[in-house]
Amino acid sequence: MIPAKTIAVPGNNLVLLARCLKGDLDARQELAVRISKLVYIDTNRAAFSLGLRLTREDVDDINQEVLIKLFANDNRKLRSFSGKSSFERWVYVIVYNCLVDRSRSADESERRRTSSIHASTGSDPDSPTVEDTLATQSSDPREILMYRALVETLRPACKKVLTEEE
């Protein structure tokens, strides 16, 4: 007879989950392996739907992140599985959310690397802003006034979030 843990039937994930939550270490290990396989498949599907390009290292990192999320704190996240959807779908949603979080943090890092014209040019907070530096490069007062008027006109537009098309 074939041991139950070697049969790759999707419903067995629920059996493994129940055994894992009861403290069965073999079930925990087998469930981690199965989840890893799901994560590798789901990461590619989710990345494609989000338009992300991932390296092999990114996929490995996401796999590790998901496993830590699920098995940390005495399987707290695993215990939250309610069965309202399939276990496989539930894992996909976790993977998808990890990718969205990574994408947001990458976008935030990129935003932090850009400079504002209102930021100071040096490390000293009292150093002139980029805006002031640009305005004082001209000695003609009319140009300075025109530049400042332009900046005031553009200021609301700078706060607006542009769409991809814009």
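- Here CG of Asp42 is found 10.0 Å from CD1 of Ile94. Values are rounded to the nearest 0.5 Å.
- The ring pair (Phe, Tyr, Trp, His ring centres under 6.0 Å) contacts involving residues 51-85 comprise Phe81-Phe87, Phe81-Trp90, where partners must be two or more places apart or lie in separate chains.
- Between Ser103 and Leu52, the shortest heavy-atom contact is OG-CD2, 4.1 Å.
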task: Apply the test side-chain hydrogen bond (donor to acceptor under 3.5 Å, both in side chains) to residues Asn75 and Arg28: give CA-CA distance (whole Å), side-chain angles for both, the deciding distance (0.1 Å), then the verdict.
output: CA-CA 10 Å; Asn75 305 324; Arg28 179 184 172 119; 3.1 Å; yes
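- A continuous path of Ile, Leu, Val, Met, Phe, Trp and Tyr side chains, each step under 4.5 Å between heavy atoms, connects Leu14 with Ile35, placing both in one hydrophobic cluster.
- Residues satisfying the side chain to side chain donor-acceptor pair (under 3.5 Å) criterion with Asn44, sequence neighbours excluded, are absent altogether.
- Grouping the Ile, Leu, Val, Met, Phe, Trp and Tyr side chains by contacts below 4.5 angstrom, directly or via other members, places Val91 with Val100.
- The shortest side-chain heavy-atom distance between Val95 and Leu38 does not fall under the 4.5 Å cut-off.
- Listed by chain and number, the residues in a side chain to side chain donor-acceptor pair (under 3.5 Å) with Ser36 are Asn63 (sequence neighbours excluded).
- The stretch residues 69-78 participates, sequence neighbours left out, in these salt bridge (Lys or Arg N to Asp or Glu O under 4.0 Å) pairs: Asp74-Arg79.
- Qualifying ring pair (Phe, Tyr, Trp, His ring centres under 6.0 Å) partners for Tyr96, counting only residues two or more places apart in sequence or in other chains: none.
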task: Check step by step if side chain to side chain contact (heavy atoms under 4.5 Å, CB included) holds for Asp101 and Arg104.
output: CA-CA 5 Å; Asp101 291 344; Arg104 285 182 184 151; 4.2 Å; yes
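- Residues forming a side chain to side chain contact (heavy atoms under 4.5 Å, CB included) with Ile41 (at least two apart in sequence, or on another chain): Arg45.
- Ala18 is linked by a side chain to side chain contact (heavy atoms under 4.5 Å, CB included) to nothing, counting only residues two or more places apart in sequence or in another chain.
- No continuous path of hydrophobic side-chain contacts links Ile68 to Leu70 [ILVMFWY only; heavy atoms under 4.5 Å].
- Using a 4.0 Å cut-off between charged side-chain N and carboxylate O, Glu65 and Arg102 make a salt bridge.
- Remark: Thr55 engages Glu57, Asp58 in a side chain to side chain donor-acceptor pair (under 3.5 Å) (not counting sequence neighbours).
- Within the 4.5 Å cutoff, the side chain of Leu67 has no heavy atoms near those of the Gln64 side chain.
- Note that the OG atom of Ser85 and the OH atom of Tyr92 stand 13.0 Å from one another [nearest 0.5 Å].
- Smallest separation of non-hydrogen atoms from Ala27 and Cys20: CB-N, 3.8 Å.
- Connection of Ile62 to Leu50 is established within a shared hydrophobic cluster, with ILVMFWY side chains joined at heavy-atom distances below 4.5 Å, either directly or through further cluster members.
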Worked verdict on Cys98 versus Val66 for side chain to side chain contact (heavy atoms under 4.5 Å, CB included): CA-CA 8 Å; Cys98 282; Val66 169; 3.9 Å; yes
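- Atom CG of Asn13 is separated from atom CD of Glu30 by 8.5 Å, given to the nearest 0.5 angstrom.
- Scanning for side chain to side chain donor-acceptor pair (under 3.5 Å) contacts around Asp60 gives Tyr40, with sequence neighbours left out.
- In this structure, Leu16 CG and Asp24 CG are separated by 8.5 Å, a value rounded to the nearest 0.5 Å.
- Leu99 and Ala47 make their closest contact through CD1-N, 3.6 Å (heavy atoms, listed as atom of the first residue, atom of the second, distance).
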